[in-house]
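So the structure is just underneath, and the comments pick up after that.
Counting starts at 1 for both ligands and their atoms, following the listed order. Note that these values count all heavy atoms, side chains included, but never hydrogens, waters or copies made by symmetry.
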Amino acid sequence: MPCRRQERDSGASRRRGACRCLSRGRSFVAGSVRTARENCVGMRGSRQADALRQRIVDAVCHEKIFPVYQPIVCLRSGAVHSLEVLARWTDPELGPVPPDDFIPIALEASLLPLLTLNLVRRACAEASAWPGVPRLAFNVPPSLLQDAPAVRLLVEAISGSAFPQERVCIEMTEDELIEDDATAEKALGYLKSHGIRVALDDFGTGFSNLVRLSRFGFDELKIDGSLIQRLATDRESRKVVSAVIGLGHSLEVAVVAEGVETEAQASVLRELGCDFAQGWLTGRPMSSHDVIALLTATPASTLSTGLAPLSPYLRQHQLSSLYTGAPVGLAFLSPDMRYSAANTEFARMVGRPLSEIVDAHVSQVYAPGIAEWILRESRQILGDGTTSTVEFRFPDRDETFLVVGTCVTDETAQAIGVSVVAIDITDRKHAEEEIRAREAIYRGAVELGPNVAWVSDGDGKLTYISPAPHEPEGGTMDARMAAWYARMDPDDRMRVHAEWLAAIPTQDAFETRFRLRWFDDRWRWVSSRAVLRTTADGGRGWFGVFTDISRQVELEEQLARIDPGIDAR
Ligand code: C2E
Ligand code: CA
Ligand code: CA
């Protein structure tokens with residue numbers, strides 16, 4: 001039989017197949033350190049291999065192989081969800097031998113069903129004394145599912161123990177299922193009919209047949225540690241893990257990430273909506289005694305499936321409903337300049353059916369000139385990681401859109417696209433144009449002589465004043481007010497201000513006069529009058545106007561000269 005062992009850089013990636021052998025620097029040949037492959041090839045058929053097999057047979061038959069337990073922890077709450085039972089064996093001469101080495105040999109010696117039953121009995125007995133309600137997960141050997149009497153024995157061993165069988169989970173890898181799908185399906189049905197849960201182990205390393213995954217009705221999906229190792233640094237594995245989590249959740253299956261060693265990995269998994277983690281980070285395999293201490297300190301989670309109430313996929317679903325119904329145009333442009341998503345409002349704004357926008361390249365959606373401009377803007381947003389806001393108008397249409405493009409990044413700050421929000425501001429634009437047109441009329445009128453409207457709030461603070469002739473476009477209201485104020489005779493400013501402050505509390509009509517340097521550089525007398533009225537928003541405001549009274553003042557002065565009893569001011 002050929003050796004199918006693959007090298008692995010971490011203990012979490014799987015090696016299966018009929019040929020497994022000693023590894024991790026320890027060799028059965030005392031005194032010489034041989035690689036796993038050397039052992040595999042060199043020991044086959046040798047006396048040493050026979051002796052090793054004999055030791056393993058002895059260990060299984062005399063129950064020297066014992067269970068340890070590794071916690072599987074809820075990524076959100078930190079509660080212990082379950083404990084995976086892992087076989088351990090320490091040979092008096094070889095020291096600890098890892099299961100990857102003795103399990104295949106026990107399998108070859110047809111001893112794996114017996115080893116499994118021993119571990120099940122012992123683990124169930126130990127776990128029945130644990131506090132809380134954790135689950136127990138067992139690894140079943142490839143052959144067991146194909147062997148109906150062995151499956152029956154397994155169920156009997158579980159149901160005959162003091163540990164509740166509905167808290168037991170059986171982990172199996174995909175290659176345990178492919179030998180004979182029909183028999184495996186029957187075996188799984190039998191386990192499930194006894195309330196035993198089933199988990200698909202090492203997902204992502206084998207055939208990952210999705211049809212099989214849904215057909216067998218798994219309760220849990222365990223993502224292989226080899227995929228998790230690169231999670232925090234490698235975008236591609238993040239995509240795969242994210243897809244697997246989405247797949248699990250769409251099948252309403254809880255997802256466990258194996259081989260979680262760092263907080264960085266856990267944090268990415270949390271963001272991706274993964275339910276549970278197993279690995280060095282949350283706990284090494286431990287004795288039953290240590291499990292009791294752990295469960296006393298960290299309570300086990302309740303018997304819920306542990307599915308996150310709102311996974312990213314549900315959230316995405318909710319978001320897409322919002323997306324569809326939003327009164328604004330929404331679209332997402334991927335870095336290859338294709339629309340990966342858009343809503344109907346966006347399609348309406350663009351003036352094309354949604355089906356011609358989603359998945360299409362920008363150059364396929366717009367006329368060349370516009371497409372070029374959008375491509376340039378979008379690439380700049382992606383490159384700079386910024387947000388850009390522009391007013392956009394199609395050349396042949398009377399609509400104006402305020403378009404906000406924002407660079408979207410993933411957890412590692414890599415740009416993954418541009419989110420586009422478009423708001424129809426046509427009405428606002430029309431209103432602005434109307435105001436501008438009216439102001440142009442004012443401006444023209446004001447040029448002929450001072451006739452300037454102004455508005456203040458109820459407390460007397462100026463909020464509006466007509467534009468001055470020749471005022472530059474686009475200036476602020478504050479600048480406009482300051483410009484008018486600068487034209488007041490400095491001698492009058494203080495007096496008018498004091499009169500205004502005194503008038504406000506009385507709420508009576510206000511009137512004063514002052515000198516203003518007009519745009520022909522001549523000084524004019526103006527009269528400023530105001531009344532308090534209800535404003536459009538239901539508040540109170542002063543509506544005023546100042547008009548040219550130079551001629552009137554001139555006449556008053558003449559009269560005063562004729563009759564000094566008249567006050568000409
Ligand atoms: P498995 O079922 O995938 O078990 C998980 C393996 O990953 C365990 O190795 C565990 O110690 C290791 N592991 C857990 N967390 C981490 C981590 O953060 N980083 C790394 N690098 N490794 C981690 P172990 O105990 O050596 O078992 C290896 C394999 O042997 C198991 O893989 C399983 O396929 C098999 N095995 C173990 N016990 C049994 C058993 O009782 N019956 C059967 N049939 N197979 C068993
Ligand atoms: Ca396992
Ligand atoms: Ca596994």
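- E377 and S388 share a side-chain donor-acceptor pair at under 3.5 Å.
- Checked by distance only, ligand 1 and A87 come closer than 3.5 Å through their nitrogen or oxygen atoms.
- Which parts of ligand 1 touch D202 is read off a 4.0 Å heavy-atom cut-off, strictly below it: atoms 3 (O).
- Between the side chains of D234 and Q229, no donor-acceptor pair of N or O atoms lies under 3.5 Å.
- Distance check: I292 CD1 to Y69 OH gives 9.5 Å after rounding to the nearest 0.5 Å.
- Relative ring orientation between F276 and H81 is described as parallel, the plane-to-plane angle staying below 30° on a 0-90° scale split at 30° and 60°.
- Under a 4.0 Å criterion applied to the non-hydrogen atoms of I103, ligand 1 contributes the atoms 39 (C), 40 (C), 42 (N), 43 (C), 45 (N), 46 (C).
- Heavy atoms of K222 found under 4.0 angstrom from ligand 1: none, in either backbone or side chain.
- Ligand-side atoms of ligand 1 in range of P285: 11 (O), range being under 4.0 angstrom from any heavy atom.
- For residue D201, an N/O/S atom approaches the Ca ion (ligand 3) to within less than 3.0 Å.
- Contact analysis puts R88 in contact with ligand 1, with a non-hydrogen atom separation below 4.0 angstrom.
- Computed with the Ca ion (ligand 2) at the centre, the E84 OE2 to E171 OE1 angle is 90°, stated to 10 degrees.
- Of the heavy atoms in L119, only side-chain atoms (C-beta onward) come closer than 4.0 Å to ligand 1.
- Under the 3.5 Å distance criterion, with hydrogens and angles disregarded, no donor-acceptor pair is assigned to the side chains of W280 and T262.
- Assignment of D201 to the shell around ligand 1 is supported, since a heavy atom sits closer than 4.0 Å.
- To the nearest 0.5 angstrom, H361 atom NE2 is 6.5 Å from D336 atom CG.
- Using a 4.0 Å cut-off to heavy atoms of Q70, the atoms of ligand 1 that qualify are 10 (C), 14 (C), 15 (N).
- In this structure, P98 does not count as a contact residue of ligand 1, since none of its heavy atoms falls inside 4.0 Å of the ligand.
- A donor-acceptor pair is defined here as one N or O able to donate and one able to accept, closer than 3.5 Å; no such pair exists between the side chain of D275 and the backbone of V256.
- Note on ligand 1: Q229 sits outside its first shell, no heavy atom being nearer than 4.0 Å.
- Atoms of ligand 1 lying under 4.0 Å from any heavy atom of E258, numbered from 1 in the order shown and given with element: 3 (O).
- Ligand 1 has no nitrogen or oxygen under 3.5 angstrom from a nitrogen or oxygen of Q278.
- Within 6.0 Å of NZ in K192 there are more than 12 heavy atoms belonging to other residues, nucleotides or ligands.
- The shortest separation from a heavy atom of G225 to ligand 1 is not under 4.0 Å, leaving the residue out of contact.
- A salt bridge is absent between R55 and D58: the closest approach of a Lys/Arg side-chain nitrogen to an acidic carboxylate oxygen does not fall below 4.0 angstrom.
- Looking only at N/O/S atoms, D202 comes nearest to the Ca ion (ligand 3) through OD1.
- At distances below 3.5 Å, at least one donor-acceptor pair connects side-chain atoms of R338 with backbone N or O atoms of D359.
- Other residues, nucleotides and ligands place more than 12 heavy atoms under 6.0 Å from the CD atom of E356.
- Here CZ of R122 is found 5.5 Å from CD of E126. Values are rounded to the nearest 0.5 Å.
- Among the backbone and side-chain atoms of E258, an N, O or S atom lies under 3.0 Å from the Ca ion (ligand 3).
- The Ca ion (ligand 2) has no N, O or S atom of T173 under 3.0 Å away, backbone or side chain.
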